[in-house]
Amino acid sequence: MSRTSQRPSTAQLIMSRPEEAARRAYSLHYGGAAPEIAVFAPGRVNLIGEHTDYNGGFVLPMALPLITVIVGSRRNDGKICLVTTAEGADEPQKVEFEAPREDKPLAPGTPKWANYMKGVIQHYRAGPIPGFNAVVATSVPLGGGLSSSAALEVATYTFLQQLCPDDGDDVQKALACQKAEHTFPGVPCGIMDQFISVMGKEGNALLIDCRSLEATQFPLTDPKLSVLITNSNVRHELTGSEYPTRRRQCEETAKALGKETLRDASMEELKAKKGNLSEVCYRRARHVITEIERTAKAARALERGDYHVFGKLMVDSHNSLRDDYEVSCPELDELVAIAMEVPGVYGSRMTGGGFGGCTVTLLETSVADKTKQQIQEKFRGTPTFYITKPSPGSGVLSH
Ligand code: GLA
């Protein structure tokens with residue numbers, strides 16, 4: 001796929017920076033050479049359907065024009081050398097190790113950023129993988145809830161596909177990247193982030209059924225409608241421990257209801273078993289069951305162009321994440337409240353895992369500047385804004 005041959009749009013300009021950065025760093029680190037391979041994978045924003053993916057539910061994300069780029073070339077001594085230019089990545093920014101062999105698999109270690117790549121190298125679906133030199137650069141903010149981890153995993157997988165082709169199965173690609181995240185950085189994530197980073201379609205949000213892994217495209221090209229992402233630039237330390245706890249609470253509740261996942265449970269069934277469940281598990285499950293329902297309704301509203309209904313469902317989703325699932329934080333609540341004061345804003349909610357990161361706001365394009373201004377003036381922190389369009393999933397960058 002050529003991403004550089006057309007007239008540059010804003011999205012392409014944002015994208016051109018990480019590629020440029022990666023190429024420059026490659027030449028610097030590897031003796032002036034030009035890389036043979038250049039690939040990218042996008043971050044994502046989830047419009048609605050939060051904490052439903054690991055419950056077999058629906059999610060409605062879109063891929064972003066914020067991307068992670070990897071450039072590199074094969075080397076013949078079986079060694080792999082990785083360099084990151086990403087701001088905020090832990091030290092060192094360069095690591096070297098032997099390509100994995102059956103009797104010598106890779107293991108997680110330090111620096112942490114390299115674990116996302118090592119995990120993918122270890123779980124790559126073809127091989128043996130030859131040695132290579134690579135450089136990573138990204139325009140996806142790290143730890144901002146826009147899936148910088150999945151973008152790095154999927155970019156790594158896409159890079160390996162150029163080096164040592166697999167069978168090209170996209171679902172298996174997303175699953176291998178999810179497995180890498182489970183086993184190397186050790187985060188028990190769902191499938192949403194890797195799936196949309198592989199499968200994103202320009203101009204479309206994707207309704208993903210995380211039980212069947214089927215995806216349906218929902219066009220999002222009305223020029224009168226915009227998607228505003230606001231990064232609170234806060235990250236609360238809870239993220240690491242709270243995510244696995246939520247996941248466990250959901251699994252336990254599904255089991256108590258006699259279901260494989262909460263996707264298979266209804267509100268009636270949950271209410272009937274209320275007496276057997278802890279108050280916390282009841283609320284966690286109520287969030288998941290109602291959120292799956294809201295996501296299906298939101299997709300239908302989008303199809304009809306009913307942005308008011310879509311926006312109302314976004315706010316309901318936020319409130320449920322705040323009160324029942326308890327993954328929001330005061331900064332995200334404040335960003336949603338400020339955005340909702342502006343006439344022409346349809347809806348706003350936290351997006352991603354929570355405890356900081358970003359909100360996503362659906363609004364009339366004509367009020368985008370006013371909304372940003374209002375947030376700048378009233379928000380307690382220092383926000384960063386992105387007006388975004390649904391962008392393509394991972395691919396190869398042409399020179
Ligand atoms: C993180 C995970 C996803 C998903 C979201 C919450 O982004 O990686 O799998 O669970 O949180 O919706």
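Start at 1 and go down the list; that is how both ligands and their atoms are numbered. Owing to the predicted nature of the structure, the values given are computational and were not obtained by experimental measurement.
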Inset, instruction - Considering heavy atoms of the protein only, find what lies nearest to atom 10 (O) of ligand 1 and give residue, atom and distance to 0.1 Å. - result: Tyr243 OH, 2.6 Å
Legend entry - Numbering as shown, the atoms of ligand 1 that approach Gly353 to under 4.0 Å (heavy-atom distance): 11 (O)
Inset, instruction - Flag yes if Met62 and Val154 sit in one hydrophobic cluster, no otherwise; membership is Ile, Leu, Val, Met, Phe, Trp, Tyr, and two members link when side-chain heavy atoms are under 4.5 Å apart. - result: no
Legend entry - Aromatic ring proximity, centroids under 6.0 angstrom, Tyr124 and Tyr157: yes
Inset, instruction - Decide if the gap between the ring center of Tyr54 and the ring center of Tyr243 is smaller than 6.0 angstrom. - result: yes
Inset, instruction - Salt-bridge test for Asp90 and Lys112: reply yes if a basic N is under 4.0 Å from a carboxylate O, no otherwise. - result: no
Legend entry - Atoms of ligand 1, numbered as shown, that sit under 4.0 Å from any heavy atom of Tyr54: 10 (O)
Legend entry - Enumerated ligand 1 atoms positioned under 4.0 Å from heavy atoms of Gly190: 9 (O)
Legend entry - Residue-ligand contact Gln194/ligand 1, heavy atom below 4.0 Å: no
Inset, instruction - Walk me through it: do Glu98 and Lys104 pass the test salt bridge (charged side-chain N to carboxylate O under 4.0 Å, His left out)? - result: CA-CA 9 Å; Glu98 297 283 333; Lys104 244 178 117 193; 5.1 Å; no
Inset, instruction - Output yes when the distance from some N or O of ligand 1 to some N or O of Ile191 is under 3.5 Å, and no in every other case. - result: no
Inset, instruction - Heavy-atom distances under 4.0 Å are what count here, so tell me which part of Arg44 touches ligand 1: side chain, backbone, both or neither. - result: side chain
Legend entry - Within 6.0 angstrom of Glu96 CD, more than 12 heavy atoms from elsewhere: yes
Legend entry - Step-by-step salt bridge (charged side-chain N to carboxylate O under 4.0 Å, His left out) determination, Lys389 to Glu202: CA-CA 8 Å; Lys389 299 228 178 306; Glu202 193 158 13; over 6 Å; no
Inset, instruction - Starting from atom 5 (C) of ligand 1, locate the nearest protein heavy atom and write down its residue, its atom name and how far away it is, to 0.1 Å. - result: Met192 CE, 3.9 Å
Legend entry - Selection from Leu146, Asp53, Asp193, Thr52 by shortest heavy-atom distance to atom 8 (O) of ligand 1: Asp193
